[in-house]
Protein chains: 2
Amino acid sequence: MTYVLEVLGDKWTFLIIRDMIFKGCCQYKQFIDSDEGVATNILADRLKKLAKHEIITQCKDPQNGRQKLYHLTEKGLDLIPSILQLIKWSGHHDVNTVLSDQIMHYLDHRFEEAVEIVRSEYLTNCHVG
Amino acid sequence: MTYVLEVLGDKWTFLIIRDMIFKGCCQYKQFIDSDEGVATNILADRLKKLAKHEIITQCKDPQNGRQKLYHLTEKGLDLIPSILQLIKWSGHHDVNTVLSDQIMHYLDHRFEEAVEIVRSEYLTNCHVG
DNA sequence: CTCTATAACTTGCAAATTAAAAGTAATTCA
DNA sequence: TGAATTACTTTTAATTTGCAAGTTATAGAG
């Protein structure tokens with residue numbers, strides 16, 4: 001539990017992982033352009049930290065040598081249930097979090113399926129082994 | 001999701017809620033004495049914030065007028081699934097988090113039951129309506 | 001082959017936040 | 001009445017953050 005906090009107990013770290021899972025973000029630029037507005041030094045620091053904890057991997061884009069690609073590891077993907085539970089909580093208790101009836105139904109009654117959908121969607125879009 | 005971070009995106013807030021759920025902490029002194037070592041000003045600030053968001057309630061102890069009692073609301077109790085998912089993740093990926101086979105089995109295969117057990121145990125120990 | 005653009009950082013500094021220590025207020029118990 | 005306990009608040013120093021401005025490496029255009 002202390003480890004979870006070391007890894008996730010920070011706003012920006014959390015948002016980075018969320019943007020990877022749900023927006024398919026995998027480049028430095030994409031995180032910077034994301035609506036949250038993270039500072040460049042903070043982003044670099046958090047990406048380094050996440051890589052150190054093996055939650056993400058960093059590699060050169062074979063198509064474009066000046067870009068790097070960030071991808072979630074299995075350990076990172078295993079955070080999907082936790083994040084979905086938090087989204088579910090928001091759906092129930094935060095007026096500003098408006099989720100469709102279908103999504104709420106999945107979260108409330110078919111949680112494991114929801115996890116699988118999010119996971120396989122990520123793997124499809126980010127086509128990594 | 002932004003709301004979750006506003007509420008939980010902070011190490012100490014998270015630890016306070018965890019200590020309430022799993023250690024039955026309900027007094028200022030208990031949080032201070034807890035192994036984590038939170039500073040008094042930070043604790044006061046976070047308890048105020050949690051009360052403002054209606055995740056906990058604050059009331060005078062009828063038995064001892066100089067004490068206050070902090071209790072989780074329904075909204076706060078609804079965080080149990082999120083926290084259990086994080087514990088489950090720790091059990092799988094952090095070498096320092098050692099959970100018994102029985103607990104891991106519950107988290108992996110009977111998650112809803114685990115949530116109910118933790119919830120009703122809290123309600124029993126903290127005997128609030 | 002040079003020149004400009006782009007991506008991914010790093011550095012420096014002011015501002016905000018946190019931690020540690022000491023102080024305060026209300027209540028209880030001797 | 002006076003010491004102890006609980007729940008804070010205040011002060012100050014240290015740490016962390018956010019912003020702006022560099023820096024490095026690669027790509028593509030001419």
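The shown structure was predicted, so the numbers you read here are calculated from the model rather than taken from an experiment.
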Asks: Under the rule for ring pair (Phe, Tyr, Trp, His ring centres under 6.0 Å), what residues qualify as partners of A/His105, not counting sequence neighbours?
Replies: A/His109

Asks: Which nucleotides of nucleotides 2-7 of chain D have their base under 4.0 Å from a protein heavy atom (B), which only their sugar-phosphate (S), and which neither (-), written as one string 5' to 3'?
Replies: --BBSS

Asks: Which residues satisfy the side-chain contact (heavy atoms from CB on, under 4.5 Å) test with A/Asp61, sequence neighbours excluded?
Replies: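 Testing A/Asp61 for side-chain contact (heavy atoms from CB on, under 4.5 Å), a comparison that skips the adjacent residues, returns A/Gln63, A/Asn64, A/Gln67, A/Leu69.
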
Asks: Take nucleotides 14-21 of chain D nucleotide by nucleotide from the 5' end and write B, S or -, depending on whether a protein heavy atom sits under 4.0 Å from the base, only from the sugar-phosphate, or from neither.
Replies: ---SBBBB

Asks: Answer yes or no: does atom NZ of B/Lys29 have more than 12 heavy-atom neighbours from other residues, nucleotides or ligands under 6.0 Å?
Replies: no

Asks: Using whole Å, what does the distance between atom C1' of nucleotide C/dA8 and atom NZ of A/Lys48 come to?
Replies: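 Atom-to-atom, A/Lys48 to C/dA8, this comes out as 12 Å.
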
Asks: Whole Å only: how far is the CG atom of B/Leu43 from the C1' atom of C/dA21?
Replies: 16 Å

Asks: In whole angstrom, what separates B/Asp61's CG from C/dT27's P?
Replies: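 Going from CG in B/Asp61 over to P in C/dT27 covers 13 Å.
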
Asks: Can you tell me the distance, in whole Å, between the CD1 atom of B/Ile32 and the P atom of C/dA20?
Replies: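 Result: 11 Å.
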
Asks: Could you go through the side-chain hydrogen bond (donor to acceptor under 3.5 Å, both in side chains) check for A/Asp78 and B/His93 one step at a time?
Replies: CA-CA 9 Å; A/Asp78 273 357; B/His93 296 288; 2.6 Å; yes

Asks: Mind checking what makes side-chain contact (heavy atoms from CB on, under 4.5 Å) contact with A/Lys49, not counting sequence neighbours?
Replies: A/His53

Asks: Run the salt-bridge test on B/Arg119 and B/Glu74 with the 4.0 Å N-O cut-off and return the result as yes or no.
Replies: yes

Asks: Hydrophobic side-chain clustering at under 4.5 Å (ILVMFWY, transitive links): who's grouped with A/Tyr106? Put none if nobody.
Replies: A/Ile117

Asks: Below 30° counts as parallel, above 60° as perpendicular, anything between as tilted: where do the rings of A/Tyr3 and B/Trp89 land?
Replies: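 If you compare the ring of A/Tyr3 with that of B/Trp89, the planes turn out parallel.
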
Asks: Whole angstroms only, please: what is the CD-P distance between B/Glu36 and C/dT18?
Replies: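 It is 17 Å, rounded to the nearest whole Å.
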
